[in-house]
Amino acid sequence: MTELSSWAQIGYLVAAVLFILGLKGLSHPRTAVRGNLYGSTGMLLAVVVTLFDRAIIDLRMLAIGLAIGAVLGVLIALRVEMTSMPELVALFNGFGGIASVLVATASAIEAVGRGTATLQLNVAAAATVVIGAVTFTGSLIAFGKLRELITGRSISFPGLQALNVVLFGSCLVLGALTVIQPEQTLWLWILIALAGLLGVLVVIPVGGADMPVVIALLNSYSGLAAAATGFVLSNSLLIIAGSLVGASGLILTQIMCKAMNRSLMNVLLGKGQAAGGDTASADEVYAGKVKATSADEIAILLETAQRVVIVPGYGLAVAQAQHAVRDLTQTLERAGATVEFAIHPVAGRMPGHMNVLLAEAEIPYEQLKEMAEINPTFEQVDVAIVLGANDVVNPIARQDPTSPIAGMPILDVDKARTVVVIKRSLSPGFAGIPNPLFAADNALMFFADGKQAVIDINKAIQEAS
Amino acid sequence: MEFVVALTLFVLAIFLGFELITKVPPTLHTPLMSGSNAISGITLVGALLAAGTGFSPLVTWLGVAAVALATINVVGGFLVTHRMLGMFRRKG
């Protein structure tokens with residue numbers, strides 16, 4: 001591979017700075033759009049600089065690849081529904097991963113052919129194809145699970161972990177072989193196949209509820225694959241940009257694990273939350289204590305409320321109730337109440353997903369409050385409305401150290417003066433345990449479909465006033 | 001580029017990444033993921049270099065396939081992020 005010119009290197013430096021400014025812009029919704037433009041400008045600059053550099057000979061083929069990719073990219077990005085964001089990100093992670101595999105393979109073959117292969121190139125190529133292939137097949141499985149093309153439940157069989165260990169060991173052996181005998185490209189192809197199989201087997205045991213963690217982790221891997229490709233090509237920009245993304249994905253993975261009270265290992269092994277020793281049965285918790293309510297009663301409560309907090313869960317998105325919620329919010333605000341949204345980190349299917357869904361329904365971001373910010377204020381809340389959320393508002397997490405969700409960070413809605421829970425039934429959430437909140441003295445249950453319930457409440461308020 | 005130089009860039013960029021990302025509010029975590037995903041499509045630059053050297057048909061085809069896939073990642077990623085960020089508006 002011929003060295004890039006100094007001009008190209010400087011162009012890459014500017015692109016790297018633009019990526020950094022782009023990520024910095026994401027620290028506030030006000031500056032985020034501009035940040036994203038910086039990032040995309042950096043990418044365009046990097047591509048243009050590369051195309052004009054002397055290393056490029058055949059432009060026609062490149063134009064075809066770029067055109068196909070750009071058209072497909074635009075079509076996908078404009079058509080995707082916001083509820084499908086997790087699938088989209090999973091798919092794009094996979095594309096990035098496989099692209100890195102192809103680049104590393106092509107570069108290794110060329111370097112061997114030209115007799116310019118170095119130890120760094122060979123080791124980096126082996127690392128790239130392993131990370132990239134795992135990212136690719138793992139992402140496709142994650143995509144399939146999220147789209148429900150394959151079951152969202154954990155798929156496992158005896159010996160799966162042992163098989164994964166053997167596969168990983170084989171990848172190490174083959175990686176060593178590609179380094180020792182780089183002229184034998186067959187090793188590289190076998191390595192790609194094995195790593196691809198590993199990616200499938202690592203993600204199939206992960207249950208649907210744990211998908212946010214896996215997507216964040218694969219996000220990190222797609223970045224690391226790009227960084228490893230940078231080592232193959234001795235390209236500074238790939239190393240810098242790839243590492244930035246690798247770090248980002250790791251942080252999000254950590255945040256998600258903490259919010260779900262799970263260790264990364266448990267998520268990856270598909271282990272459920274350990275069942276508690278003596279969890280109370282649903283009958284003991286609920287019998288005779290659950291108070292059902294109606295839209296009219298809730299309307300009366302809300303008319304006098306000064307401060308209302310809505311706690312959305314994924315059930316809200318499933319019921320497509322975002323716009324109905326926005327209408328209710330506006331009705332309450334016209335009546336003089338302040339309305340906020342308390343958003344648990346795992347309220348959606350990926351980090352920050354619920355915020356996007358509410359933003360799409362034109363709910364201003366100032367009203368979207370994160371857990372740490374809103375929790376200390378629940379005692380001053382007149383009415384908290386829980387909509388399609390369960391485990392993340394279960395006070396057991398604070399009270400019972402033997403519970404499967406003990407220590408999980410929750411929204412302290414039980415401290416509000418009145419809690420209205422809109423839910424179809426008393427069925428448990430992912431943790432599979434009853435929720436004492438539903439039987440609390442200050443709680444009222446409204447058994448209904450989320451969207452219809454919100455519409456009915458809104459109507460009841462408007463009729464009364 | 002020398003290996004040590006490459007490694008230095010890698011380690012420093014990881015630290016920089018941690019500093020930058022911890023400042024992103026949870027509200028923007030989904031756009032962060034799609035946007036950083038688009039940035040990881042930087043492998044497109046490597047794909048262009050691999051596809052454009054005309055070394056052999058196999059290398060060229062691998063490179064062109066990588067160019068197409070990485071371009072989907074880049075163009076789709078930045079565009080969908082732009083769409084999403086446009087939804088985050090201020091009150092009033």
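Owing to the predicted nature of the structure, the values given are computational and were not obtained by experimental measurement.
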(request) Identify the two heavy atoms, one from A:Phe19 and one from A:Leu244, that lie closest to each other, and give their separation to 0.1 Å. (result) CB-CD1, 4.4 Å

(message) Taking the side chain as everything from C-beta on, heavy atoms only, tell me whether A:Glu370 gets closer than 4.5 Å to B:Thr27.
(response) no

(message) Can you tell me which of B:Val5, B:Leu9, B:Val45, B:Leu58 forms the most heavy-atom pairs within a distance under 4.5 Å of chain A?
(response) B:Val45

(message) Can you confirm whether B:Val67 sits close enough to B:Thr71 that some side-chain heavy atom of one is under 4.5 Å from a side-chain heavy atom of the other?
(response) yes

(message) Strictly by side chain to side chain donor-acceptor pair (under 3.5 Å), give each pair with a member in residues 234-247 of chain A just once, sequence neighbours left out.
(response) none

(message) Checking A:Gln367 against A:Leu358 for the side-chain contact (heavy atoms from CB on, under 4.5 Å) test, could you report, in this order, the C-alpha distance in whole Å, the side-chain angles of both residues, the deciding distance, and whether it holds?
(response) CA-CA 10 Å; A:Gln367 280 170 272; A:Leu358 294 176; over 6 Å; no

(request) Among A:Ile68, A:Leu224, A:Thr118, A:Val80, single out the residue with the greatest number of heavy-atom pairs under 4.5 Å to chain B. (result) A:Val80

(message) Whether the A:Ser100 and A:Thr128 side chains hold a donor-acceptor pair (N or O, under 3.5 Å, no angle test) is what I'd like checked.
(response) no

(request) Tell me, for A:Arg60 versus chain B, whether the close heavy atoms (under 4.5 Å) come from the side chain, the backbone, both or neither. (result) neither

(request) Sort A:Ile76 into side chain, backbone, both or neither according to what part of it lies under 4.5 angstrom from a heavy atom of chain B. (result) side chain

(request) Could you label the plane-to-plane angle of the A:Phe231 and B:Phe3 rings as parallel, tilted or perpendicular, counting under 30° as parallel and over 60° as perpendicular? (result) tilted

(request) Give, as side chain, backbone, both or neither, the part of A:Leu252 having an atom under 4.5 angstrom from any heavy atom of chain B. (result) side chain

(request) Take atom OH of A:Tyr38 as the centre, draw a 6.0 Å sphere, and report whether it contains more than 12 heavy atoms from other residues, nucleotides or ligands. (result) no

(message) Counting only non-hydrogen atoms closer than 4.5 Å, does A:Met85 touch chain B with its backbone (N, CA, C, O), its side chain (CB onward), both, or neither?
(response) side chain

(message) Is A:Arg349 in contact with chain B via its backbone, its side chain, both, or neither, using a 4.5 Å heavy-atom distance?
(response) neither

(request) Using non-hydrogen atoms and a 4.5 Å limit, figure out which bit of A:Leu78 sits close to chain B: side chain, backbone, both or neither. (result) both

(request) Check each atom of A:Asn219 against the heavy atoms of chain B and say whether the ones under 4.5 Å are side chain, backbone, both or neither. (result) side chain

(request) Identify which part of A:Ala227 has an atom lying under 4.5 Å from any heavy atom of chain B, answering side chain, backbone, both or neither. (result) side chain

(message) Using a 4.5 angstrom heavy-atom cutoff, name the option from A:Ala225, A:Gly73, A:Ala124, A:Ala226 with the most pairs to chain B.
(response) A:Gly73

(request) Under 4.5 Å heavy-atom distance to chain A, tell me which part of B:Leu44 shows up: side chain, backbone, both or neither. (result) side chain

(message) Using a 4.5 angstrom heavy-atom cutoff, name the option from B:Met33, B:Met84, B:His82 with the most pairs to chain A.
(response) B:Met33

(message) Testing the basics here: between B:Gly52 and A:Leu62, what is the closest heavy-atom pair and its distance to 0.1 Å?
(response) N-CD2, 4.1 Å

(request) Between chain A and each of B:Leu32, B:Val80, B:Asn37, B:Val11, count heavy-atom pairs under 4.5 Å; write down the option with the most. (result) B:Asn37

(message) Taking side chain as everything from C-beta outward and backbone as N, CA, C, O, which of these in B:Leu12 sits under 4.5 Å from a heavy atom of chain A? Side chain, backbone, both or neither.
(response) neither

(message) For the interface with chain A, which of B:Val75, B:Ile72, B:Thr43 has the highest count of heavy-atom pairs at distances below 4.5 Å?
(response) B:Ile72

(message) Is it the case that over 12 heavy atoms from other parts of the model lie below 6.0 angstrom from the CZ atom of B:Phe88?
(response) yes

(request) Determine the minimum heavy-atom distance between B:Pro26 and A:Asn355, stating which atoms define it. (result) O-OD1, 4.3 Å

(request) Would you mind checking which part of A:Pro345 comes under 4.5 Å of any heavy atom in chain B, side chain (CB onward), backbone (N, CA, C, O), both or neither? (result) neither

(request) Verify the neighbour count for atom CD of A:Glu373: are there more than 12 heavy atoms of other residues, nucleotides or ligands below 6.0 Å? (result) yes

(request) Sort A:Thr229 into side chain, backbone, both or neither according to what part of it lies under 4.5 angstrom from a heavy atom of chain B. (result) side chain

(request) Let me know if A:Met354 has heavy atoms under 4.5 Å from chain B in its side chain, its backbone, both or neither. (result) neither

(request) Name the region of A:Leu75, side chain, backbone, both or neither, that has any atom closer than 4.5 Å to a heavy atom of chain B. (result) neither

(request) Tell me, for B:Leu28 versus chain A, whether the close heavy atoms (under 4.5 Å) come from the side chain, the backbone, both or neither. (result) side chain

(request) Identify which of A:Gly223, A:Gly39, A:Gly242, A:Ala104 forms the greatest number of heavy-atom pairs closer than 4.5 Å to chain B. (result) A:Gly39

(message) Does any backbone or side-chain atom of B:Thr60 lie under 4.5 Å from a heavy atom of chain A? Answer side chain, backbone, both or neither.
(response) side chain

(message) Does any backbone or side-chain atom of B:Ala70 lie under 4.5 Å from a heavy atom of chain A? Answer side chain, backbone, both or neither.
(response) both

(request) Determine whether more than 12 heavy atoms belonging to other residues, nucleotides or ligands lie under 6.0 Å from atom NZ of A:Lys369. (result) yes

(message) Can you tell me which portion of A:Leu88 sits under 4.5 Å from chain B's heavy atoms? Options are side chain, backbone, both or neither.
(response) side chain

(request) With a 4.5 angstrom heavy-atom cut-off, could you sort out which part of B:Val74 is near chain A: side chain, backbone, both or neither? (result) side chain

(request) Side chain from CB out, backbone as N, CA, C, O: work out which of these in A:Ala216 comes under 4.5 Å of a heavy atom of chain B, or both, or neither. (result) both

Can you give the donor-acceptor pairs under 3.5 Å from side chains of residues 14-24 of chain B to other protein atoms, not counting sequence neighbours?
| residue | atom | partner | partner atom | Å |
| --- | --- | --- | --- | --- |
| B:Thr22 | OG1 | B:Phe18 | O | 2.8 |
| B:Thr22 | OG1 | B:Glu19 | O | 3.1 |

